[in-house]
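Below: the structure, in C-alpha cells.
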Protein chains: 2
Amino acid sequence: MSDRSAPTGGQALLYLTDEQIRKGIEAMYFAYRGFTADPDRILSDKEYGRAHHRALHFIHRREGTTVNNLLSLLGVTKQSLNRVLRALIDDGLVESRVGRADKRERHLYLTTAGATLERELSDAQRDRMRAAYRAAGPAAVAGFRQVLEAMMDEDLRRHYQALKDGGE
Amino acid sequence: MSDRSAPTGGQALLYLTDEQIRKGIEAMYFAYRGFTADPDRILSDKEYGRAHHRALHFIHRREGTTVNNLLSLLGVTKQSLNRVLRALIDDGLVESRVGRADKRERHLYLTTAGATLERELSDAQRDRMRAAYRAAGPAAVAGFRQVLEAMMDEDLRRHYQALKDGGE
DNA sequence: AGGATAAGTCAGCCTTGTTGACATTCCAAG
DNA sequence: CTTGGAATGTCAACAAGGCTGACTTATCCT
C-alpha cells in the first residue's frame, strides 16, 4: 500500500489502482487461454496433452538436458513428468541416453519425429504470438516482457534468464 | 511470415524474429506460474482449488450472474462447473437464488464468508501484480495489456471488454 | 399443447497433478 | 576397499478437475 516508488507524484500512480490491476489479472487469465489454445487443439487429435508439449519444448531448448533439470524447469514432481516422458520415449519422439560421466543421469534428446511435432506445436503458438506482437507494436512488446518478468517467482526468473541468454 | 505491416521498414521488425517471440512464449509460461502461485498456496490449506477461485472471482465481478453466463466466461462444461459450485454453495460461500423474471435461472451471489475468501485470494494475487506493475512502470503496463488483448480469442476478448467497461 | 431453454444430476472416462516405496548408481568417510 | 548416504530415475496408487453422453425437472414461449 505504500507508494515508495512514486516517480512523478500523485496522478501518475493511477495505473496502480485496484481497478487497473484487476483488469491486468483478467487480461492475464483470458490471454493465457488463447496462448494455450492452438497447441491444445493440435494435441487433442493425437494422444498427448499440454504436459507433453511443455516437455517437448524444453527438451528442444535444452537438448541433452537431464530429467532432474527438466523437473526444476517445469516445477512438477518427477513422477508426473515420468509418465509424460515415458509415453514420448515409447512412441519414439524422445530419446533417453544414459549419462557418460554419471550413469544415474539420463540425457534427453528429440528424435526426428519428436522434432517434427515440436516444430508443429511451436509454429502454431508462435503464429498467434507473432500476430499479437505485430498488432501491439515493438514498444508494447517491450513492456509486455518487462511486466511478465517482474511477475515471476525468483527461481523461475533465473531459469528464464538462463534460457534467454543461452538461446540458440 | 509476410511482413505486411512493416511500419518503418527492415530493422524495425527485429522484435518479430522467432527468437524474440520464443522469449515471449517462455515469459508467458513462467509468469503465469507466478500469477497463480499465491492463491494456489492459500487454497491448498483449504479444501478448494484453482477452479473454485475462478468461480469466486467472476461471481464477485458479476454479482447475480446466472450459471449459464458463468459457464461461457469460464469456458468449461456445466458438469465441471457444477461440481465446484455445489461445493461452494454447500459450504455457504455462494448463494443461489431463483430468478424473478425467469424462474429457470439461478442467480449467484457471494455470502459474507464467500466475499471474505474472495477478498483474501484477490488481495494475494493483486499484491504480486501491483509489485510487477510498479517495477515495470506505467508505459510497460500499457504495453503489457495491449499484447495480452491481442493474444485473446475473439469471443474471450468480448467477455474481457464487457468486464472492463462494466467495472464497478 | 409442445418444442426450446436453464439448470442440475448420474455415470464414467482422461490428463496431470500428488505421495510413498523402491532400484540403481555415485561418492566420500571410515 | 567397503559401506552408507545422497542423488537419479521408476513404479503403484490416488485426487482434482477437465471431458462426453444421457437424462430429468422446471419453466418459458409460440
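Within every chain, numbering begins at 1; the chains are lettered A, B, ... in the order of the sequence lines, protein sequences first and strands thereafter.
- At whole-Å resolution of the value, CD1 in A:Ile89 and C1' in D:dT10 are 11 Å apart.
- Minimum heavy-atom separation, A:Ala140 to B:Gln146: CB-OE1, 3.6 Å.
- Nucleotide D:dA6 holds its P atom 18 Å from the CD atom of A:Glu105, rounded to whole Å.
- In terms of phosphate contacts, A:Arg54 brings no side-chain nitrogen or oxygen within less than 4.0 Å of OP1 or OP2 of C:dT15.
- When only modelled atom types and interatomic distance are considered, A:Gln125 and A:His57 share no side-chain donor-acceptor pair under 3.5 Å.
- Contacts of residues 42-50 of chain B with DNA chain D (heavy atom under 4.0 Å): B:Gly49, B:Arg50.
- If you check every strand for non-hydrogen atoms under 4.0 Å, A:His107 touches nothing.
- Between A:Tyr15 and B:Tyr133, the angle of the ring planes stays under 30°, which puts this pair in the parallel group of the 30/60° scheme.
- When rounded to the nearest whole Å, the span between NZ of B:Lys103 and C1' of D:dT25 equals 15 Å.
- DNA chain C is contacted by B:Val67, B:Asn68, B:Lys78, B:Gln79, B:Asn82, B:Arg86 of residues 67-88 of chain B, taking any non-hydrogen atom closer than 4.0 Å.
- A:Val94 is linked by a side chain to side chain contact (heavy atoms under 4.5 Å, CB included) to A:Leu56, A:Ile59, A:Leu88, A:Ile89, A:Leu108, A:Leu110, counting only residues two or more places apart in sequence or in another chain.
- Ion pairing between a basic and an acidic side chain is recognised when a charged N comes within 4.0 Å of a carboxylate O; B:Asp153 and A:Arg128 show such pairing.
- Defined by atom type and a distance below 3.5 Å, a donor-acceptor pair is present between the side-chain atoms of A:His159 and A:Ser72.
- Salt-bridge check for B:Arg158 with B:Asp155: failed, with every basic side-chain N at 4.0 Å or more from each acidic carboxylate O.
- When every heavy atom of A:Arg157 is checked against every heavy atom of A:Glu149, the shortest pair comes out as NH1-O, 2.6 Å.
- Summarising the geometry, the separation between CG on A:Asp102 and P on D:dA6 is reported as 16 Å, rounded to the nearest angstrom.
- OP1 or OP2 of C:dT16 lies within a sub-4.0 Å distance of a side-chain N or O belonging to A:His52.
- Side-chain atoms of B:Arg104 and base atoms of C:dT5 include a donor and an acceptor less than 3.5 Å apart.
- Looking at A:Arg97 and A:Glu95, a side-chain N of the basic residue comes within less than 4.0 Å of a carboxylate O on the acidic one, giving a salt bridge.
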